[in-house]
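Remember, predicted model here, so these are calculated numbers, not experimental data.
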Amino acid sequence: MAPPVRSLYVHAPFCARRCVYCDFAVHVDARPDPAFWVDALGREWEAVRTEGLFPVDRLDTLYVGGGTPSLLGVEGMQGVARVFADVERAPDLEWTVEANPESFDRAVAEGWRRLGVDRLSFGVQTFSPAALRWMGRLHGPEGPAAALHAARDAGFDNLSVDLIFALPARVERDWSADLERALALEPDHVSLYGLGVEARTPLGRAVAEGREDPVDETRYQEEFLEAAERLREAGFEHYEVSNFARPGRRSRHNQVYWDGRPYLGLGNGAHSHQPPLRRWNLRDWLEYRERVRSGAVPVEEAETVAPAEARLERIWLTLRTREGIAAPVRPGPARDIMDGWMRRGLAEAAGDRVRLTPTGWLLLDELAVELDRALDRDPAPAAEPRDGSTDVG
């Protein structure tokens, strides 16, 4: 029998406008009808339950992301509550919903809070008027402060903000000033996203045609390290490569991903994981909606993760976190690799574990592959992890 799933991601794909860098499964609609979305969500939920591969016996974490879930207002989250009304909620359920400042107000905040939403994640990205225009964002520089004020007035005390760094130099965004303005909002959690250039986005096409510069790696590194230092000085724990939290305010939902535990994703483009099975839904909202109307599970593709790939993934996910990876007990290539990281300032010892420093996190992909290859040469490789652990050392 499949292990129980206790973490659920729900995708709300609607956006009033697609941002220049966005490669998410987004459907542009400034006034989406919550009823259509809730109906599709409910149909997929019934199909998945009938299938039986992802048995949800209790909700420990529920994350509604997008897209822009706040475009669906109170009615959208009322629909979510109805769809999962017969699923037991953990007493300490973490229910996160993403919001953009321009579509979030006191009425939405109060309605969501009454339903049991207890954590909000705001897409702030920047406070610079020039950068907001370049990105295609719809809120102004003062929008985030108004949104967080409305949330706190409604009783929320677990608020996260997203910021994007490494914008093109010509945009003339002041990253230091953005960090200070974000801290002035007194958030409980901050997520950082380095600008990426995806081929299917407006930004990707502009770079390919020479109308925009590619990401400046030096700028990327400098701004990431500046943010890591500034947030740490402000009392945030840098608990994962891209995430910073006040004490007790880590994202429990995201921790499920990093630990390699099972999770279910509903909605177009959503991913699900029941080790060793991984699968993902149709990306297009209209195609997804037609599939679920037929009573079918809207899976686009699925794969069984091979043991070698699973080990590399576990290494990568474990190195992403502040807890780090278990240090090898016996001498060998893996220990030599980690000793070399520490000599270079890329990692540090933490008891019987080794964790990457912010400088090391900039080389995360490279270091994960390096350690994986070293384990192949190790004369006494560690046993497979137990109880959901991602340790490989």
Side-chain angles (χ1 to χ4, degrees), residues 1-13 24-25 40-67 80 83-90 92-96 240 250-284 287-289 291-292 294-321 323 325 368 372 383-392:
M1 183 176 179
V5 176
R6 293 177 175 171
S7 290
L8 183 61
Y9 172 82
V10 176
H11 188 66
F24 296 150
L41 178 64
R43 290 173 183 271
E44 183 185 4
W45 173 234
E46 288 305 316
V48 168
R49 290 210 290 189
T50 299
E51 180 188 39
L53 294 178
F54 294 84
V56 179
D57 67 345
R58 186 182 74 209
L59 279 180
D60 290 346
T61 70
L62 171 59
Y63 194 109
V64 183
V80 171
V83 168
F84 305 113
D86 61 347
V87 181
E88 178 188 352
R89 292 188 185 186
D92 61 345
L93 168 69
E94 178 192 83
W95 183 356
T96 303
E240 191 270 345
R250 292 186 179 194
S251 168
R252 288 168 44 213
H253 183 84
N254 287 344
Q255 192 67 53
V256 171
Y257 302 151
W258 305 324
D259 288 347
R261 286 178 273 162
Y263 58 87
L264 172 64
L266 300 176
N268 60 300
H271 286 230
S272 300
H273 187 214
Q274 180 68 278
L277 173 68
R278 180 186 293 118
R279 72 184 192 187
W280 50 99
N281 284 350
L282 294 164
R283 278 181 60 93
D284 181 77
E287 187 177 358
Y288 159 85
R289 192 176 69 176
R291 180 73 63 87
V292 296
S294 73
V297 177
V299 174
E300 181 174 39
E301 290 189 50
E303 63 181 3
T304 299
V305 182
E309 183 182 352
R311 186 184 73 176
L312 175 58
E313 185 175 278
R314 287 198 302 273
I315 293 170
W316 183 78
L317 288 170
T318 305
L319 288 176
R320 289 185 68 93
T321 68
E323 281 64 40
I325 198 164
D372 185 57
E384 286 296 303
R386 295 174 295 173
D387 302 326
S389 168
T390 52
D391 289 343
V392 293

Enter the distance from [X]:[atom1] to [Y]:[atom2] here, rounded to the nearest 0.5 Å.
X: Arg314; Y: Asp259; atom1: CZ; atom2: CG; result: 12.5 Å
X: Phe84; Y: Arg89; atom1: CZ; atom2: CZ; result: 10.5 Å
X: Asp60; Y: Glu88; atom1: CG; atom2: CD; result: 9.0 Å
X: Leu317; Y: Gln255; atom1: CG; atom2: CD; result: 10.0 Å
X: Glu309; Y: Asp372; atom1: CD; atom2: CG; result: 10.5 Å

What pair of heavy atoms forms the shortest contact from [X] to [Y], and how long is it?
X: Leu312; Y: Ala368; result: CD1-O, 3.8 Å
X: His273; Y: Leu277; result: CD2-O, 3.2 Å
X: Gln274; Y: Leu53; result: NE2-O, 3.2 Å
X: Gly265; Y: Ala270; result: C-CB, 3.5 Å
X: Arg291; Y: Pro298; result: CG-CA, 3.5 Å
X: Ser7; Y: Val256; result: OG-CG2, 3.2 Å

Do the numbers put Arg278 on top of the ring of Trp280, so that NZ or CZ is under 6.0 Å from the six-membered ring centre and no more than 45° off the axis? no
Whether Glu94 side chain and Ser251 backbone form a donor-acceptor pair below 3.5 Å: no
Given Arg6, which of Val87, Asp57, Leu59 fulfils the side-chain contact (heavy atoms from CB on, under 4.5 Å) condition? Asp57
Inspect the surroundings of CZ in Phe24 and state if more than 12 heavy atoms from other residues, nucleotides or ligands are less than 6.0 Å away. no
Val297 vs Arg279, side chain to side chain contact (heavy atoms under 4.5 Å, CB included): CA-CA, chis, key distance, verdict: CA-CA 11 Å; Val297 177; Arg279 72 184 192 187; 3.7 Å; yes
Using a 4.5 Å cut-off on heavy atoms from C-beta on, say whether the side chain of [Y] contacts that of [X].
X: Leu62; Y: Leu8; answer: yes
X: Trp45; Y: Leu264; answer: yes
X: His271; Y: Tyr9; answer: no
X: Asn281; Y: His11; answer: no

Matching residue for His253 among Tyr263, Trp258, Trp95, Tyr63 - test: ring-ring contact (aromatic ring centres under 6.0 Å, His included): Tyr63
Cationic N near anionic O, under 4.0 Å, Asp86 to Arg49: yes
